[in-house]
Number of protein chains: 2
Amino acid sequence: MNKQTTAEKIRTNSAGWMIKMISSRLDSNIKQELKRLGLDLKQFGVLMALLEEEGLTQTEIGKKITLPGYATTRTIDALEKKQLIERRTDERSRRSYRIYLTDKGHATGPELFIIINKVNKNLLSVISATERKQLTTILQKILSAGFA
Amino acid sequence: MNKQTTAEKIRTNSAGWMIKMISSRLDSNIKQELKRLGLDLKQFGVLMALLEEEGLTQTEIGKKITLPGYATTRTIDALEKKQLIERRTDERSRRSYRIYLTDKGHATGPELFIIINKVNKNLLSVISATERKQLTTILQKILSAGFA
DNA sequence: TTGCAATTGTTGCATTTGCAACTTATAATG
DNA sequence: CATTATAAGTTGCAAATGCAACAATTGCAA
């Protein structure tokens, strides 16, 4: 097996590369869908985290969706400016905020679910039910193992 | 099933989200490894494409690794400055270049393979051989179907 | 309780990114 | 041919990003 073949095999057959390819297409699909809501991917992530659980601190949100602190600050700034979320003071600590969805923020929930379901459906449409099950199991296994 | 539960299920159980999570960890793992070579992800991608096949045009490279034209230009600028690749004139067309690895560029090949193998191995280490096979099959199926 | 360390969040600034406009060159069409 | 359309690559500029430094607060340990 020469170097040429090796490189091609790596690029087209390795799980890592394929996952990166699929992920970047997922991103552009979601971005496309989010455009009409005027949201970007990070804002989408923060909203999803808050739809799951409100009253989180910024650090907690960042941990949930893997966003560094400075990016969390700015994303929350943007969402607050759009009046989708609000910072409330934390009674227990004066150095952190508790983040809540506004009514307007709650209202975006269904739209976000539609988007994520649509993209997921599209992603999974070409594989069988059995394979879907397998894929989910495997991905969960990788993630729950930490993968770091 | 209330909204809370739905959101959590989407974030933690949907294939799309999980793939995005894994992909972002792959990126940071690779980035980490590339640091000591002084390369970034895009430069890594271009080098991989050229290790697979030399003499491509910039557009062809971009298509192979999903990089927009302007980014391809800049990445190739950077790699040329590092003397890892070179632009050669295309005899067939004066508006495109043919890109080749320099000796120094060829020499990075083995190091890149080591990195990608290491990251892949790490990714797949927690799943069984059967699951690895399943995962590869499924990912290939999704990609070959176009997924757009 | 005092002093040091760690946490939480923000921000200045340099680098990177992405869009759109641009140049040059080739292809297509009448 | 002449004209128009398309393609390949580059670049200016505004916006987004990431690092590192920062202020403010809290925890901890002597």
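Keep in mind it's a predicted model, so treat the numbers as computed, not measured. Residue numbering restarts at 1 for every chain, and letters A, B, ... go by the order of the sequence lines.
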Sugar-phosphate only, base, or nothing, as touched by A:T57 at under 4.0 Å among non-hydrogen atoms: sugar-phosphate
Close approaches to DNA chain D from residues 59-71 of chain A, in residue order (heavy atom, under 4.0 Å): A:Y70
side-chain contact (heavy atoms from CB on, under 4.5 Å) between B:L124 and B:L135, intermediate numbers included: CA-CA 10 Å; B:L124 301 173; B:L135 180 62; 3.9 Å; yes
Main-chain N/O of B:K133 paired to B:T137 side chain as donor or acceptor, under 3.5 Å: yes
Derivation and outcome, side-chain contact (heavy atoms from CB on, under 4.5 Å), residues A:L143 and B:I22: CA-CA 7 Å; A:L143 280 172; B:I22 292 171; 3.7 Å; yes
Listed nucleotide nearest any side-chain atom of B:T73, set D:dG18, D:dG9, C:dC19: D:dG9
Under 3.5 Å donor-acceptor, B:D90 side chain and B:S96 backbone: no
Interatomic distance, A:I138 atom CD1 to B:I127 atom CD1 [nearest 0.5 angstrom]: 5.5 Å
Minimum-distance pair of heavy atoms, taken over all atoms of A:A78 and A:Q43: CB-NE2, 3.6 Å
Within residues 77-96 of chain B: residues closer than 4.0 Å to DNA chain C (heavy atoms): B:S93, B:R94, B:R95
Polar atoms only, N or O, under 3.5 Å: list the protein pairs with nucleotides 2-4 of chain C and their distances.
none

Interatomic distance, B:I99 CD1 vs D:dT10 C1' [rounded to whole Å]: 13 Å
Those residues that, when tested against B:T66, pass side-chain contact (heavy atoms from CB on, under 4.5 Å) (two or more places apart): A:M21
C:dT7 phosphate, OP1 or OP2, under 4.0 Å from A:Q58 side-chain N/O: no
Separation between CD1 of A:I30 and CG of A:L112, rounded to the nearest 0.5 Å: 10.5 Å
Atom pair distance, as rounded to whole Å: CZ in B:R74 and P in D:dT17: 15 Å
Nearest non-hydrogen partners of B:P110 and B:H106, listed with the distance: CD-O, 3.7 Å
Residue list, side-chain contact (heavy atoms from CB on, under 4.5 Å) with A:Y100, at least two apart or on another chain: A:E54, A:E86, A:R88, A:R98
Distance, nearest 0.5 Å, that separates CD of A:E80 from OG1 of A:T102: 10.0 Å
A:M48 side, atom CE; A:I115 side, atom CD1 - distance, nearest 0.5 Å: 10.0 Å
Strand contacts (DNA chain D) in residues 30-45 of chain A, 4.0 angstrom heavy-atom criterion: A:K42
Distance, nearest 0.5 Å, that separates CG of B:L37 from CG of B:L84: 9.5 Å
